[in-house]
Number of protein chains: 2
Amino acid sequence: MRYGITHFKDLLGGEGYSWTRARSAVLTVLTTVPRPLRAEEIHRALRDPRINLSSVYRALRLFESLDVVQRVELGEGAARYELADDYRDHHHHLVCDACGRIEDVAACPVEAAGLTRHIRKRTGFAVRSHVLELFGLCRTCRRVTG
Amino acid sequence: MRYGITHFKDLLGGEGYSWTRARSAVLTVLTTVPRPLRAEEIHRALRDPRINLSSVYRALRLFESLDVVQRVELGEGAARYELADDYRDHHHHLVCDACGRIEDVAACPVEAAGLTRHIRKRTGFAVRSHVLELFGLCRTCRRVTG
DNA sequence: TTGATTTTGCAAATTATTTGCAATATCTGC
DNA sequence: GCAGATATTGCAAATAATTTGCAAAATCAA
């Protein structure tokens with residue numbers, strides 16, 4: 001991770017938010033596990049029965065508004081959350097349709113193809129962010145499932 | 001649209017499904033309106049009070065399983081649905097953060113950058129499909145909001 | 001440490017979507 | 001076109017993820 005946990009403490013303090021047990025714990029999980037997690041999974045990973053699931057949701061919502069965390073939707077019904085690009089290098093996901101495993105890919109075709117500029121010129125739309133998820137079969141499942 | 005509505009009737013029949021009022025009506029809306037719609041919006045557009053919202057959901061789920069319709073998730077809470085690529089040329093969406101307007105873009109950087117092959121070579125993951133949504137400010141909102 | 005302010009736990013509310021089941025529409029063979 | 005077999009629908013109730021109200025507890029600032 002690019003910054004230590006105290007960075008987040010300072011960031012929250014600077015924005016007028018308290019540094020609480022729930023927020024700290026959620027961030028510790030997110031900086032430790034390198035893949036997008038569901039609120040439920042984060043809650044379980046806290047291993048602190050004092051912290052309620054709704055506090056996890058509240059923390060995630062706050063972090064999202066502060067661009068500390070970004071939401072990832074893979075069409076599973078529940079959203080996933082991971083550290084935002086500023087803290088984790090821009091990347092995308094390879095989602096295996098067979099086993100559900102999620103890998104990261106650093107390659108970004110939106111940048112590579114200069115798509116933002118192309119769109120700006122052709123349509124006047126100013127792209128600020130994008131979401132790209134790739135679905136298919138991971139190496140392992142490809143061998144088995146075909 | 002690339003095929004008439006009777007194409008879908010034949011397709012459903014061929015798969016052993018009935019051609020019903022609800023299914024026909026939902027497809028008429030989807031082939032008419034050129035942007036991804038929520039189940040609720042589709043239901044309203046039917047203008048047939050006999051058709052229940054749950055039938056719209058059931059029809060959408062069936063169409064999705066038959067690759068007639070594809071789900072679009074823009075982080076709004078509710079999913080949107082549009083005709084699948086086979087019936088509508090592959091495209092992506094420009095979603096305006098300010099006014100919510102959704103435009104299509106034909107340009108696909110995943111194809112342009114040869115990302116699928118790159119990933120296959122480097123990781124062994126076989127990409128079958130992808131989801132790309134672009135967020136930002138449309139030409140109109142850019143003038144106003146900045 | 002203390003009082004003022006935020007945040008939390010808990011339970012209940014919301015919202016999108018799904019489901020059970022009896023009633024109805026669609027389809028198939030005549 | 002009709003009857004019976006089968007598939008689908010409407011409706012109401014169930015789910016599942018997420019949000020919220022509120023009193024109690026934690027955090028902050030002096």
Exercise. Minimum heavy-atom separation for B:Cys99 to B:Cys96, with atom names?
Worked result: N-SG, 3.4 Å

For this session: Apply side chain to side chain donor-acceptor pair (under 3.5 Å) to B:Glu111 and list each qualifying residue two or more places apart in sequence or on a separate chain.
Result: none

Exercise. With sequence neighbours excluded, what pairs up with B:Asp97 under the side-chain contact (heavy atoms from CB on, under 4.5 Å) test?
Worked result: A:Arg128, B:Phe135

Exercise. Distance-only, no hydrogens or angles: does the B:Thr123 side chain make a donor-acceptor pair with backbone N or O of B:Arg120 under 3.5 Å?
Worked result: no

Can you give the donor-acceptor pairs under 3.5 Å from side chains of residues 39-54 of chain A to other protein atoms, not counting sequence neighbours?
from    : atom 1 : to      : atom 2 : distance (Å)
A:Glu41 : OE1    : A:Arg38 : N      : 2.8
A:Glu41 : OE1    : A:Arg80 : NH1    : 3.2
A:His43 : NE2    : A:Ile51 : O      : 2.9
A:His43 : NE2    : A:Leu53 : N      : 3.4
A:Asp48 : OD1    : A:Arg50 : N      : 3.0
A:Asp48 : OD1    : A:Arg50 : NE     : 3.0
A:Asp48 : OD2    : A:Arg50 : NH2    : 2.9
A:Asn52 : OD1    : A:Ser54 : N      : 2.8
A:Asn52 : OD1    : A:Ser54 : OG     : 2.9
A:Ser54 : OG     : A:Arg58 : NH2    : 3.4

Exercise. Under a criterion of less than 4.0 angstrom to any heavy atom of chain A, what are the 5'-terminal and 3'-terminal contacting nucleotides of DNA chain D?
Worked result: D:dA17 to D:dC28

Exercise. Mind checking what makes salt bridge (charged side-chain N to carboxylate O under 4.0 Å, His left out) contact with A:Arg101, not counting sequence neighbours?
Worked result: A:Glu103

Exercise. Shortest non-hydrogen contact from B:Ala107 to B:Pro109?
Worked result: O-CD, 3.9 Å

Which pairs of donor and acceptor atoms, one on a side chain in residues 8-28 of chain B, lie under 3.5 Å apart (sequence neighbours left out)?
from    : atom 1 : to      : atom 2 : distance (Å)
B:Thr20 : OG1    : B:Arg23 : N      : 3.3
B:Arg23 : NH1    : B:Ser18 : O      : 3.0
B:Thr28 : OG1    : B:Ser24 : O      : 2.9

Exercise. Going through the distances and angles, do B:Val131 and A:Leu132 end up as a side chain to side chain contact (heavy atoms under 4.5 Å, CB included)?
Worked result: CA-CA 6 Å; B:Val131 163; A:Leu132 171 61; 6.0 Å; no

For this session: Calculate the interatomic distance between A:Leu12 atom CG and C:dT5 atom C1'; express it in whole Å.
Result: 16 Å

For this session: Whole angstrom is fine here: how far is it from CG in B:Leu37 over to P in C:dT17?
Result: 13 Å

For this session: Locate the shortest heavy-atom distance separating A:Leu30 from A:Leu83; write the atom from each residue and the value.
Result: O-CG, 3.9 Å

Problem set entry | Partner set under side-chain contact (heavy atoms from CB on, under 4.5 Å) for A:Asp104, not counting sequence neighbours | A:Arg88, A:His91, A:His93

Exercise. When the C1' atoms of the five terminal pairs at each end define the local axes, what inter-axis angle does the helix from C:dT1-D:dA30 to C:dC30-D:dG1 show, to 10 degrees?
Worked result: 50°

Problem set entry | Residues that B:Arg71 engages under salt bridge (charged side-chain N to carboxylate O under 4.0 Å, His left out), provided they are two or more places apart | B:Glu64

Exercise. Can you list, by residue number, the residues of residues 42-66 of chain A that have a non-hydrogen atom closer than 4.0 angstrom to DNA chain D?
Worked result: A:Ser54, A:Tyr57, A:Arg58, A:Arg61

Exercise. So which pairs with a foot in residues 115-134 of chain A pass ring-ring contact (aromatic ring centres under 6.0 Å, His included), sequence neighbours left out?
Worked result: A:His90-A:His130, A:His92-A:His130

Collect all protein-nucleotide pairs involving nucleotides 26-30 of chain C in which both atoms are nitrogen or oxygen and the distance is under 3.5 Å.
from   : atom 1 : to      : atom 2 : distance (Å)
C:dC27 : OP1    : B:Trp19 : N      : 2.9

